[in-house]
J.: 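My questions all concern the structure below.
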Amino acid sequence: MKLLKTLAAALIPFALGATAAQATDLWVAEPGADLLPDRTRSAPDPQHPPTNYSPKQSLAPLVSALQPAVVNIHVEQRVRNEMMPMMEFFSPFFGQQMPNGGDMPEFRVKTGQGSGFIISADGYLLTNNHVVADADKVTVKLSDDREFEGTVVGTDSRIDIALVKIESDSALPYVAAGKSESMEVGDWVVAIGNPFGLTHTVTAGIVSAKGRVIGAGPYDDFIQTDASINPGNSGGPLFNLDGQVIGINTAINAAGQGIGFAVPMDMVTPFLGDLKENGGIARGWLGVGLQRLDADLAAGLNTGEGDGVLIAEVHEDQPGDKAGLLPGDVVQAIDGVEVADAKALIRQVGKYRAGEDITMTLLRDGKVKELSVELGKRPSERELRTASFEPRDMSPGPSHSPLMKKLGLECKSAPGGGVLVSAVDSESPSAGKLRRGDRIVEVNGVRIGALDDFTTALHKRSKHIVFVVQRQGRRLFVAVPRP
(Lines give C-alpha, C1' and ligand atoms only; values in the text may rest on other atoms or scores of the structure.)
Protein backbone atom coordinates (compact mmCIF):
# COMPACT_ATOMS: atom_id res chain seq x y z
CA MET A 1 0.00 0.00 0.00
CA LYS A 2 1.31 3.40 -0.88
CA LEU A 3 1.79 5.19 2.42
CA LEU A 4 2.79 8.59 1.16
CA LYS A 5 -0.10 10.53 -0.29
CA THR A 6 -1.51 14.01 -0.56
CA LEU A 7 -4.20 15.02 1.85
CA ALA A 8 -6.74 15.08 -0.96
CA ALA A 9 -8.50 11.80 -0.22
CA ALA A 10 -9.04 12.64 3.42
CA LEU A 11 -9.50 16.36 2.95
CA ILE A 12 -11.77 16.63 -0.07
CA PRO A 13 -13.95 13.66 -0.97
CA PHE A 14 -14.13 14.61 -4.63
CA ALA A 15 -10.42 15.35 -5.15
CA LEU A 16 -8.03 12.60 -6.03
CA GLY A 17 -5.08 13.52 -4.83
CA ALA A 18 1.49 37.89 -23.30
CA THR A 19 4.98 38.16 -21.36
CA ALA A 20 4.57 36.70 -17.89
CA ALA A 21 4.79 39.24 -15.09
CA GLN A 22 7.73 38.95 -12.77
CA ALA A 23 7.02 37.20 -9.48
CA THR A 24 7.86 40.38 -7.58
CA ASP A 25 4.80 42.05 -9.12
CA LEU A 26 2.66 39.66 -7.12
CA TRP A 27 4.64 38.56 -4.12
CA VAL A 28 7.93 39.70 -2.65
CA ALA A 29 10.23 38.50 0.09
CA GLU A 30 11.12 41.95 1.36
CA PRO A 31 8.64 43.61 3.79
CA GLY A 32 7.21 46.93 2.74
CA ALA A 33 7.17 46.37 -1.03
CA ASP A 34 4.18 47.61 -3.03
CA LEU A 35 1.94 44.69 -4.03
CA LEU A 36 -1.22 46.57 -4.99
CA PRO A 37 -1.89 46.87 -8.74
CA ASP A 38 -2.74 50.56 -8.33
CA ARG A 39 0.69 52.07 -7.72
CA THR A 40 -0.85 55.40 -6.74
CA ARG A 41 -2.11 53.88 -3.49
CA SER A 42 0.08 53.29 -0.49
CA ALA A 43 0.59 49.56 0.02
CA PRO A 44 0.68 48.15 3.54
CA ASP A 45 3.54 46.04 4.77
CA PRO A 46 3.19 42.25 4.92
CA GLN A 47 2.35 40.75 8.30
CA HIS A 48 5.46 40.29 10.45
CA PRO A 49 6.24 39.92 14.15
CA PRO A 50 7.19 42.92 16.33
CA THR A 51 10.81 44.00 16.19
CA ASN A 52 11.31 43.13 19.87
CA TYR A 53 9.83 39.64 19.48
CA SER A 54 11.97 36.76 20.77
CA PRO A 55 11.08 33.16 19.84
CA LYS A 56 13.07 32.01 22.89
CA GLN A 57 10.34 33.48 25.11
CA SER A 58 7.18 32.79 23.09
CA LEU A 59 5.84 32.30 19.57
CA ALA A 60 2.65 34.18 20.45
CA PRO A 61 3.70 37.53 18.89
CA LEU A 62 4.63 35.72 15.66
CA VAL A 63 1.35 33.81 15.54
CA SER A 64 -0.70 36.91 16.36
CA ALA A 65 0.91 38.80 13.48
CA LEU A 66 0.53 36.03 10.90
CA GLN A 67 -2.92 34.58 11.60
CA PRO A 68 -4.90 37.36 9.83
CA ALA A 69 -3.34 36.33 6.49
CA VAL A 70 -4.12 32.60 6.88
CA VAL A 71 -7.51 31.55 5.50
CA ASN A 72 -9.95 28.68 5.67
CA ILE A 73 -11.10 27.41 2.26
CA HIS A 74 -14.46 25.68 1.80
CA VAL A 75 -15.23 24.06 -1.55
CA GLU A 76 -18.36 22.65 -3.16
CA GLN A 77 -18.78 20.45 -6.21
CA ARG A 78 -22.04 19.48 -7.88
CA VAL A 79 -21.90 15.80 -8.86
CA ARG A 80 -24.38 13.52 -10.54
CA ASN A 81 -26.08 10.85 -8.43
CA GLU A 82 -25.18 7.53 -10.00
CA MET A 83 -26.22 4.36 -8.20
CA MET A 84 -24.68 1.02 -9.11
CA PRO A 85 -27.30 -1.56 -10.21
CA MET A 86 -26.83 -3.82 -7.13
CA MET A 87 -26.79 -0.83 -4.79
CA GLU A 88 -30.02 0.36 -6.36
CA PHE A 89 -31.59 -3.10 -5.86
CA PHE A 90 -30.73 -3.13 -2.16
CA SER A 91 -31.78 0.47 -1.62
CA PRO A 92 -34.81 0.75 0.72
CA PHE A 93 -36.35 3.05 -1.88
CA PHE A 94 -35.93 0.64 -4.82
CA GLY A 95 -38.96 1.01 -7.10
CA GLN A 96 -40.41 3.69 -4.84
CA GLN A 97 -40.36 7.42 -4.55
CA MET A 98 -38.13 9.18 -2.04
CA PRO A 99 -39.68 9.84 1.42
CA ASN A 100 -40.46 13.42 0.42
CA GLY A 101 -42.59 12.12 -2.42
CA GLY A 102 -40.11 12.98 -5.18
CA ASP A 103 -37.60 11.02 -7.18
CA MET A 104 -33.96 10.74 -6.17
CA PRO A 105 -32.32 14.07 -7.12
CA GLU A 106 -30.14 13.98 -10.20
CA PHE A 107 -27.33 15.91 -8.52
CA ARG A 108 -25.85 16.27 -5.07
CA VAL A 109 -23.22 18.58 -3.60
CA LYS A 110 -19.91 17.32 -2.23
CA THR A 111 -17.99 19.57 0.10
CA GLY A 112 -14.46 19.79 1.42
CA GLN A 113 -12.10 22.17 3.15
CA GLY A 114 -8.50 23.19 3.28
CA SER A 115 -6.20 26.06 4.10
CA GLY A 116 -4.48 28.90 2.27
CA PHE A 117 -2.68 32.18 2.80
CA ILE A 118 -2.96 35.64 1.28
CA ILE A 119 0.13 36.82 -0.60
CA SER A 120 -0.90 40.31 -1.75
CA ALA A 121 -3.01 43.11 -0.33
CA ASP A 122 -5.30 43.01 -3.38
CA GLY A 123 -6.51 39.49 -2.61
CA TYR A 124 -4.34 36.85 -4.26
CA LEU A 125 -3.82 33.74 -2.15
CA LEU A 126 -2.08 30.39 -2.50
CA THR A 127 -3.32 26.91 -1.65
CA ASN A 128 -2.93 23.35 -2.97
CA ASN A 129 -4.30 22.40 -6.35
CA HIS A 130 -5.97 19.35 -4.82
CA VAL A 131 -7.91 21.60 -2.44
CA VAL A 132 -9.73 23.47 -5.23
CA ALA A 133 -9.51 20.97 -8.12
CA ASP A 134 -12.90 20.49 -9.82
CA ALA A 135 -14.65 22.78 -7.32
CA ASP A 136 -17.73 24.63 -8.56
CA LYS A 137 -17.65 27.08 -5.65
CA VAL A 138 -14.74 28.26 -3.51
CA THR A 139 -15.45 30.18 -0.30
CA VAL A 140 -12.58 31.87 1.54
CA LYS A 141 -13.01 32.74 5.22
CA LEU A 142 -10.63 35.06 7.07
CA SER A 143 -9.73 34.96 10.76
CA ASP A 144 -12.12 37.89 11.40
CA ASP A 145 -14.99 35.77 9.95
CA ARG A 146 -15.28 37.76 6.73
CA GLU A 147 -16.17 35.51 3.80
CA PHE A 148 -15.38 35.98 0.10
CA GLU A 149 -16.08 33.97 -3.01
CA GLY A 150 -12.81 32.83 -4.54
CA THR A 151 -11.90 32.50 -8.21
CA VAL A 152 -9.23 29.99 -9.21
CA VAL A 153 -6.80 31.98 -11.36
CA GLY A 154 -4.12 29.39 -12.09
CA THR A 155 -2.99 25.91 -11.10
CA ASP A 156 -0.02 23.59 -11.43
CA SER A 157 -0.82 19.96 -10.62
CA ARG A 158 2.83 18.92 -10.95
CA ILE A 159 3.75 20.65 -7.69
CA ASP A 160 0.16 20.82 -6.38
CA ILE A 161 -0.34 24.59 -6.11
CA ALA A 162 -3.20 26.91 -7.01
CA LEU A 163 -3.55 30.69 -7.14
CA VAL A 164 -6.95 32.02 -6.02
CA LYS A 165 -8.30 35.60 -6.13
CA ILE A 166 -10.80 37.26 -3.81
CA GLU A 167 -12.22 40.77 -4.16
CA SER A 168 -12.23 43.16 -1.22
CA ASP A 169 -12.98 46.88 -0.93
CA SER A 170 -10.07 47.31 1.46
CA ALA A 171 -6.48 46.11 1.53
CA LEU A 172 -6.10 42.62 2.98
CA PRO A 173 -3.46 41.31 5.38
CA TYR A 174 -0.83 39.22 3.62
CA VAL A 175 2.44 37.44 4.31
CA ALA A 176 5.84 37.58 2.64
CA ALA A 177 7.82 34.83 0.96
CA GLY A 178 11.03 33.47 2.36
CA LYS A 179 13.87 31.52 0.76
CA SER A 180 13.32 27.81 1.34
CA GLU A 181 16.83 26.99 0.12
CA SER A 182 18.31 28.89 3.06
CA MET A 183 16.48 26.69 5.58
CA GLU A 184 18.57 24.02 7.25
CA VAL A 185 17.65 20.74 8.88
CA GLY A 186 16.93 21.57 12.50
CA ASP A 187 15.56 25.08 11.87
CA TRP A 188 12.32 25.85 13.69
CA VAL A 189 9.11 26.22 11.64
CA VAL A 190 5.47 27.05 12.41
CA ALA A 191 2.39 25.74 10.57
CA ILE A 192 -1.01 27.44 10.68
CA GLY A 193 -4.06 25.86 9.12
CA ASN A 194 -7.47 24.25 9.36
CA PRO A 195 -6.92 20.59 10.39
CA PHE A 196 -10.19 18.65 10.68
CA GLY A 197 -12.08 21.95 10.50
CA LEU A 198 -10.34 23.35 13.61
CA THR A 199 -9.65 26.78 12.18
CA HIS A 200 -6.37 28.60 12.75
CA THR A 201 -4.67 25.75 14.54
CA VAL A 202 -0.99 26.47 15.21
CA THR A 203 1.70 23.78 15.40
CA ALA A 204 5.47 24.11 15.66
CA GLY A 205 8.41 21.85 14.90
CA ILE A 206 11.62 21.72 12.93
CA VAL A 207 12.74 21.05 9.38
CA SER A 208 13.29 17.29 9.59
CA ALA A 209 14.80 16.87 6.11
CA LYS A 210 15.06 18.57 2.73
CA GLY A 211 14.87 17.29 -0.83
CA ARG A 212 12.48 14.45 -0.03
CA VAL A 213 11.22 12.41 -2.99
CA ILE A 214 7.81 10.87 -2.22
CA GLY A 215 6.65 9.89 -5.71
CA ALA A 216 4.30 12.84 -6.19
CA GLY A 217 5.70 13.99 -9.56
CA PRO A 218 8.76 14.99 -11.57
CA TYR A 219 9.61 17.89 -9.27
CA ASP A 220 9.62 16.08 -5.92
CA ASP A 221 11.78 18.19 -3.62
CA PHE A 222 9.74 18.36 -0.44
CA ILE A 223 10.59 19.87 2.92
CA GLN A 224 9.90 17.28 5.61
CA THR A 225 8.75 18.62 8.97
CA ASP A 226 7.58 17.27 12.31
CA ALA A 227 5.29 20.26 12.84
CA SER A 228 1.93 18.49 13.08
CA ILE A 229 0.10 18.47 9.73
CA ASN A 230 -3.29 16.80 9.32
CA PRO A 231 -6.19 16.66 6.83
CA GLY A 232 -7.36 20.25 6.45
CA ASN A 233 -3.84 21.70 6.69
CA SER A 234 -3.47 21.24 2.93
CA GLY A 235 -2.53 24.52 1.27
CA GLY A 236 -1.59 26.20 4.51
CA PRO A 237 1.71 28.03 5.11
CA LEU A 238 4.86 26.75 6.77
CA PHE A 239 6.63 29.77 8.32
CA ASN A 240 10.18 30.41 9.46
CA LEU A 241 10.66 32.33 12.71
CA ASP A 242 10.91 35.61 10.78
CA GLY A 243 7.29 35.18 9.70
CA GLN A 244 8.07 34.36 6.07
CA VAL A 245 6.46 31.47 4.19
CA ILE A 246 9.06 28.87 3.25
CA GLY A 247 6.68 26.06 2.24
CA ILE A 248 3.10 25.05 1.42
CA ASN A 249 1.88 22.11 3.51
CA THR A 250 0.84 19.42 1.07
CA ALA A 251 1.28 15.78 2.08
CA ILE A 252 1.47 13.40 5.02
CA ASN A 253 2.69 9.91 5.71
CA ALA A 254 -0.52 8.04 6.49
CA ALA A 255 1.33 5.46 8.61
CA GLY A 256 3.35 7.86 10.74
CA GLN A 257 2.97 10.78 13.09
CA GLY A 258 5.13 13.85 12.90
CA ILE A 259 5.98 13.25 9.23
CA GLY A 260 4.59 15.94 6.95
CA PHE A 261 5.75 17.45 3.68
CA ALA A 262 5.67 20.96 2.25
CA VAL A 263 6.35 22.29 -1.25
CA PRO A 264 9.41 24.59 -1.05
CA MET A 265 8.59 28.20 -1.86
CA ASP A 266 11.61 28.42 -4.15
CA MET A 267 9.69 26.08 -6.49
CA VAL A 268 6.67 28.43 -6.42
CA THR A 269 7.75 32.06 -6.19
CA PRO A 270 9.41 32.37 -9.65
CA PHE A 271 6.22 31.19 -11.37
CA LEU A 272 3.56 33.30 -9.67
CA GLY A 273 3.49 35.66 -12.63
CA ASP A 274 2.81 32.71 -14.96
CA LEU A 275 -0.07 31.53 -12.77
CA LYS A 276 -1.54 35.02 -12.63
CA GLU A 277 -1.20 35.90 -16.32
CA ASN A 278 -1.50 32.53 -18.04
CA GLY A 279 -3.33 30.26 -15.61
CA GLY A 280 -0.51 27.74 -15.61
CA ILE A 281 3.25 27.29 -15.51
CA ALA A 282 5.50 26.93 -18.56
CA ARG A 283 8.48 25.17 -17.01
CA GLY A 284 11.75 24.62 -18.82
CA TRP A 285 12.33 21.56 -21.02
CA LEU A 286 15.44 20.12 -22.68
CA GLY A 287 13.92 17.30 -24.71
CA VAL A 288 16.46 14.60 -23.84
CA GLY A 289 16.38 11.07 -22.46
CA LEU A 290 18.48 10.54 -19.32
CA GLN A 291 20.27 7.52 -17.88
CA ARG A 292 22.07 6.83 -14.62
CA LEU A 293 25.82 6.85 -14.92
CA ASP A 294 26.85 3.53 -13.37
CA ALA A 295 30.43 2.32 -12.87
CA ASP A 296 30.71 0.54 -16.24
CA LEU A 297 29.33 3.48 -18.21
CA ALA A 298 31.50 5.90 -16.27
CA ALA A 299 34.62 3.87 -17.07
CA GLY A 300 33.69 3.69 -20.75
CA LEU A 301 33.11 7.44 -20.89
CA ASN A 302 36.31 8.27 -19.02
CA THR A 303 34.58 9.79 -16.00
CA GLY A 304 33.63 8.76 -12.46
CA GLU A 305 30.44 7.12 -11.26
CA GLY A 306 28.06 9.78 -9.98
CA ASP A 307 29.92 12.55 -11.81
CA GLY A 308 26.80 13.62 -13.65
CA VAL A 309 23.87 12.41 -15.74
CA LEU A 310 24.24 10.58 -19.04
CA ILE A 311 22.23 11.83 -22.01
CA ALA A 312 21.03 8.64 -23.68
CA GLU A 313 18.73 10.23 -26.25
CA VAL A 314 18.29 13.66 -27.82
CA HIS A 315 14.83 14.20 -29.28
CA GLU A 316 14.83 15.71 -32.75
CA ASP A 317 14.04 19.40 -33.07
CA GLN A 318 13.79 19.88 -29.28
CA PRO A 319 15.81 22.50 -27.32
CA GLY A 320 18.71 20.15 -26.53
CA ASP A 321 18.98 19.10 -30.16
CA LYS A 322 18.92 22.70 -31.37
CA ALA A 323 21.66 23.64 -28.88
CA GLY A 324 23.94 20.80 -29.97
CA LEU A 325 23.57 18.25 -27.16
CA LEU A 326 24.59 14.73 -28.23
CA PRO A 327 23.86 11.22 -26.94
CA GLY A 328 26.78 10.27 -24.72
CA ASP A 329 27.21 13.74 -23.21
CA VAL A 330 27.50 13.66 -19.41
CA VAL A 331 25.82 16.68 -17.80
CA GLN A 332 27.65 17.77 -14.66
CA ALA A 333 26.09 21.13 -13.79
CA ILE A 334 23.42 23.64 -14.81
CA ASP A 335 24.31 27.28 -14.24
CA GLY A 336 26.98 26.12 -11.81
CA VAL A 337 24.64 23.88 -9.78
CA GLU A 338 25.87 20.29 -9.78
CA VAL A 339 23.41 17.57 -10.85
CA ALA A 340 24.22 14.11 -9.55
CA ASP A 341 21.27 12.19 -11.01
CA ALA A 342 18.36 12.47 -13.43
CA LYS A 343 15.88 13.68 -10.79
CA ALA A 344 18.22 16.48 -9.77
CA LEU A 345 18.65 17.54 -13.40
CA ILE A 346 14.88 17.53 -14.03
CA ARG A 347 14.24 19.56 -10.87
CA GLN A 348 16.95 22.06 -11.74
CA VAL A 349 15.67 22.57 -15.29
CA GLY A 350 12.15 22.88 -13.86
CA LYS A 351 13.19 25.92 -11.84
CA TYR A 352 13.48 27.91 -15.07
CA ARG A 353 10.77 29.24 -17.34
CA ALA A 354 10.38 28.20 -20.94
CA GLY A 355 12.37 30.60 -23.10
CA GLU A 356 15.10 31.21 -20.53
CA ASP A 357 18.73 30.35 -21.28
CA ILE A 358 20.82 28.02 -19.15
CA THR A 359 24.50 27.10 -19.28
CA MET A 360 25.17 23.38 -19.18
CA THR A 361 28.56 22.06 -18.08
CA LEU A 362 29.12 18.65 -19.62
CA LEU A 363 31.74 16.09 -20.39
CA ARG A 364 32.15 15.07 -24.06
CA ASP A 365 34.92 12.77 -25.29
CA GLY A 366 36.73 13.20 -21.99
CA LYS A 367 36.76 16.99 -22.19
CA VAL A 368 34.72 19.54 -20.23
CA LYS A 369 32.49 21.68 -22.42
CA GLU A 370 29.96 24.45 -21.75
CA LEU A 371 26.83 24.78 -23.86
CA SER A 372 24.11 27.43 -23.79
CA VAL A 373 20.57 26.12 -24.22
CA GLU A 374 17.34 28.06 -24.67
CA LEU A 375 14.73 26.00 -22.84
CA GLY A 376 11.43 25.04 -24.39
CA LYS A 377 8.09 24.41 -22.66
CA ARG A 378 7.75 21.07 -20.92
CA PRO A 379 5.04 18.98 -22.64
CA SER A 380 2.00 17.69 -20.78
CA GLU A 381 2.18 14.33 -19.06
CA ARG A 382 0.05 12.81 -21.81
CA GLU A 383 2.42 14.15 -24.46
CA LEU A 384 5.34 12.71 -22.54
CA ARG A 385 3.72 9.29 -22.20
CA THR A 386 3.00 9.06 -25.91
CA ALA A 387 6.05 11.07 -27.06
CA SER A 388 3.63 13.04 -29.23
CA PHE A 389 5.91 16.07 -28.87
CA GLU A 390 8.33 14.42 -31.31
CA PRO A 391 8.11 15.62 -34.93
CA ARG A 392 6.29 13.41 -37.37
CA ASP A 393 5.00 13.60 -40.92
CA MET A 394 1.20 13.85 -41.04
CA SER A 395 0.98 14.06 -44.82
CA PRO A 396 -1.36 11.63 -46.63
CA GLY A 397 1.52 10.20 -48.67
CA PRO A 398 4.38 7.96 -47.49
CA SER A 399 5.59 8.89 -44.01
CA HIS A 400 9.22 9.69 -43.27
CA SER A 401 9.05 10.59 -39.52
CA PRO A 402 12.18 9.93 -37.43
CA LEU A 403 10.76 6.87 -35.67
CA MET A 404 9.46 5.45 -38.96
CA LYS A 405 12.94 5.83 -40.40
CA LYS A 406 14.45 4.03 -37.42
CA LEU A 407 11.96 1.21 -37.91
CA GLY A 408 12.81 1.12 -41.60
CA LEU A 409 9.21 1.62 -42.70
CA GLU A 410 7.42 3.69 -45.29
CA CYS A 411 3.66 3.73 -44.84
CA LYS A 412 0.63 5.53 -46.18
CA SER A 413 -3.04 5.69 -45.30
CA ALA A 414 -5.03 2.76 -46.63
CA PRO A 415 -8.52 3.10 -48.17
CA GLY A 416 -11.09 1.89 -45.65
CA GLY A 417 -8.85 2.38 -42.61
CA GLY A 418 -5.45 1.36 -41.35
CA VAL A 419 -2.13 2.03 -43.03
CA LEU A 420 -0.38 0.22 -45.84
CA VAL A 421 3.31 -0.69 -45.67
CA SER A 422 4.82 0.52 -48.93
CA ALA A 423 8.48 -0.30 -48.22
CA VAL A 424 10.65 -2.06 -45.60
CA ASP A 425 14.39 -1.40 -45.27
CA SER A 426 16.19 -4.74 -45.44
CA GLU A 427 18.72 -3.62 -42.78
CA SER A 428 16.13 -2.31 -40.32
CA PRO A 429 14.50 -3.80 -37.17
CA SER A 430 11.33 -4.40 -39.19
CA ALA A 431 13.07 -6.55 -41.81
CA GLY A 432 11.78 -10.10 -41.82
CA LYS A 433 8.85 -9.13 -39.62
CA LEU A 434 6.77 -6.66 -41.64
CA ARG A 435 6.35 -6.86 -45.42
CA ARG A 436 5.47 -4.56 -48.26
CA GLY A 437 1.69 -4.77 -48.72
CA ASP A 438 0.91 -5.47 -45.04
CA ARG A 439 -2.15 -3.60 -43.84
CA ILE A 440 -1.55 -2.43 -40.23
CA VAL A 441 -4.84 -2.18 -38.34
CA GLU A 442 -3.60 -1.94 -34.73
CA VAL A 443 -0.43 -0.74 -32.97
CA ASN A 444 0.28 -1.18 -29.25
CA GLY A 445 -3.38 -1.91 -28.58
CA VAL A 446 -4.59 1.19 -30.45
CA ARG A 447 -6.90 0.68 -33.42
CA ILE A 448 -5.57 2.49 -36.50
CA GLY A 449 -7.97 4.50 -38.63
CA ALA A 450 -5.50 6.64 -40.55
CA LEU A 451 -1.85 7.70 -40.67
CA ASP A 452 -2.12 10.17 -37.78
CA ASP A 453 -3.46 7.41 -35.51
CA PHE A 454 -0.55 5.24 -36.60
CA THR A 455 2.17 7.80 -35.84
CA THR A 456 0.67 8.59 -32.43
CA ALA A 457 0.37 4.91 -31.46
CA LEU A 458 3.96 4.22 -32.51
CA HIS A 459 5.22 6.62 -29.85
CA LYS A 460 3.47 4.84 -26.98
CA ARG A 461 6.33 3.83 -24.71
CA SER A 462 7.13 0.10 -24.68
CA LYS A 463 10.14 -2.17 -25.21
CA HIS A 464 8.52 -3.68 -28.31
CA ILE A 465 6.05 -2.25 -30.79
CA VAL A 466 3.26 -4.77 -31.37
CA PHE A 467 1.55 -4.55 -34.76
CA VAL A 468 -1.66 -6.30 -35.79
CA VAL A 469 -1.54 -6.75 -39.58
CA GLN A 470 -3.70 -8.20 -42.28
CA ARG A 471 -1.60 -10.22 -44.70
CA GLN A 472 -3.04 -12.29 -47.55
CA GLY A 473 -6.38 -12.58 -45.81
CA ARG A 474 -4.89 -13.54 -42.45
CA ARG A 475 -4.66 -11.56 -39.22
CA LEU A 476 -1.20 -11.66 -37.59
CA PHE A 477 0.55 -10.21 -34.56
CA VAL A 478 4.06 -8.91 -35.21
CA ALA A 479 6.43 -7.57 -32.52
CA VAL A 480 9.33 -5.31 -33.51
CA PRO A 481 11.95 -4.16 -30.95
CA ARG A 482 11.80 -0.44 -30.36
CA PRO A 483 14.86 1.12 -31.99
Side-chain angles (χ1 to χ4, degrees), residues 2-17 66-67 69-77 110-119 124-135 137-143 150 152-164 166 175 180 189-205 212 214-217 219-239 245-265 267-268 275:
K2 185 176 181 181
L3 299 180
L4 294 169
K5 60 181 181 178
T6 63
L7 300 181
L11 169 63
I12 302 179
F14 60 83
L16 296 177
L66 300 178
Q67 275 192 332
V70 181
V71 302
N72 173 33
I73 298 177
H74 180 83
V75 296
E76 298 179 9
Q77 184 193 23
K110 285 188 174 183
T111 63
Q113 57 189 0
S115 306
F117 53 99
I118 303 173
I119 62 172
Y124 284 96
L125 62 98
L126 280 172
T127 185
N128 284 147
N129 176 61
H130 77 254
V131 170
V132 297
D134 302 319
K137 183 178 180 181
V138 177
T139 302
V140 177
K141 186 175 182 178
L142 275 60
S143 61
V152 179
V153 175
T155 62
D156 181 17
S157 61
R158 282 168 168 155
I159 60 170
D160 198 11
I161 61 169
L163 183 67
V164 177
I166 59 177
V175 287
S180 55
V189 289
V190 174
I192 305 179
N194 181 41
F196 300 108
L198 301 171
T199 61
H200 289 83
T201 293
V202 181
T203 57
R212 287 300 196 202
I214 63 174
Y219 302 117
D220 274 21
D221 189 23
F222 288 92
I223 298 171
Q224 181 182 329
T225 179
D226 67 348
S228 184
I229 296 174
N230 292 287
N233 275 113
S234 276
L238 189 67
F239 292 104
V245 184
I246 53 88
I248 302 178
N249 300 319
T250 299
I252 59 174
N253 185 320
Q257 295 181 352
I259 302 178
F261 301 93
V263 177
M265 292 321 306
M267 289 292 293
V268 179
L275 289 174

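What you see is a predicted model, and the numbers here were worked out from it, not measured in a lab.
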J.: Between atom CG of L142 and atom NE2 of H200, what is the distance when rounded to the nearest 0.5 Å?
T.: 7.0 Å
J.: Atom CE in M267, atom CD1 in I159: separation rounded to 0.5 Å?
T.: 5.5 Å
J.: To the nearest 0.5 Å, how far apart are OG1 in T155 and CG in L275?
T.: 7.5 Å
J.: Give a yes or no on whether the backbone of I214 and the side-chain of D220 come within a donor-acceptor separation of less than 3.5 Å.
T.: yes
J.: Ignoring hydrogens and angles, tell me if any N or O in the side chain of D160 forms a donor-acceptor pair with the backbone of N129 under 3.5 Å.
T.: yes
J.: Compare every heavy atom of G150 with every heavy atom of I166, then report the nearest pair and how far apart it is.
T.: CG2-CA, 3.9 Å
J.: Out of curiosity, N253 CG to R212 CZ, how far, rounded to the nearest 0.5 Å?
T.: 11.0 Å
J.: Can you tell if the side chain of I192 reaches within under 4.5 Å of the side chain of L66, non-hydrogen atoms only?
T.: yes
J.: Do T203 side-chain atoms and S228 backbone N/O form a donor-acceptor pair below 3.5 Å?
T.: yes
J.: If we only count heavy atoms from C-beta on, is the I246 to V189 side-chain gap below 4.5 Å?
T.: yes
J.: For V140, run the side-chain contact (heavy atoms from CB on, under 4.5 Å) check against N72, L125, I118 and tell me which one passes.
T.: L125
J.: Taking the side chain as every heavy atom from C-beta outward, state whether T199 and K141 have any atom pair closer than 4.5 Å.
T.: no
J.: Just verifying a value: how many Å separate N249 CG and F261 CZ, rounded to the nearest 0.5 Å?
T.: 12.0 Å
J.: Is there a donor-acceptor pair under 3.5 Å between the side chain of N233 and the backbone N or O of N230?
T.: yes
J.: Going by heavy atoms in the side chains, are V175 and F239 under 4.5 Å from each other?
T.: yes
J.: Does the S115 side chain pair with the main chain of N194, one donor and one acceptor, at a distance under 3.5 Å?
T.: yes
J.: Under a 3.5 Å distance rule, please check whether S234 uses its side chain to pair with a backbone N or O of G232 as donor and acceptor.
T.: no
J.: Mind listing the closest non-hydrogen atom pair of F222 and P264 along with its distance?
T.: CA-CD, 4.3 Å
J.: So V75 and K137, side chain to side chain contact (heavy atoms under 4.5 Å, CB included) or not? Walk me through it.
T.: CA-CA 6 Å; V75 296; K137 183 178 180 181; over 6 Å; no
J.: For a side chain to side chain contact (heavy atoms under 4.5 Å, CB included) check, start with the C-alpha distance between V190 and V202, then their side-chain angles and the critical distance, and finish with the verdict.
T.: CA-CA 7 Å; V190 174; V202 181; 3.7 Å; yes
J.: Go through the steps to decide whether L238 and V245 satisfy the test side chain to side chain contact (heavy atoms under 4.5 Å, CB included), and finish with yes or no.
T.: CA-CA 6 Å; L238 189 67; V245 184; 5.8 Å; no
J.: Applying side chain to side chain contact (heavy atoms under 4.5 Å, CB included), run through Y124 and V164 and close with a yes or a no.
T.: CA-CA 6 Å; Y124 284 96; V164 177; over 6 Å; no
J.: Counting C-beta onward and ignoring hydrogens, is there a side-chain heavy-atom pair between S180 and I223 closer than 4.5 Å?
T.: yes
J.: Quick check against the 3.5 Å criterion: does N128 have a side-chain atom that pairs as donor or acceptor with the backbone of H130?
T.: no
J.: Within this structure, what is the CD1-CG distance for the pair I119 and L126, rounded to the nearest 0.5 Å?
T.: 4.0 Å
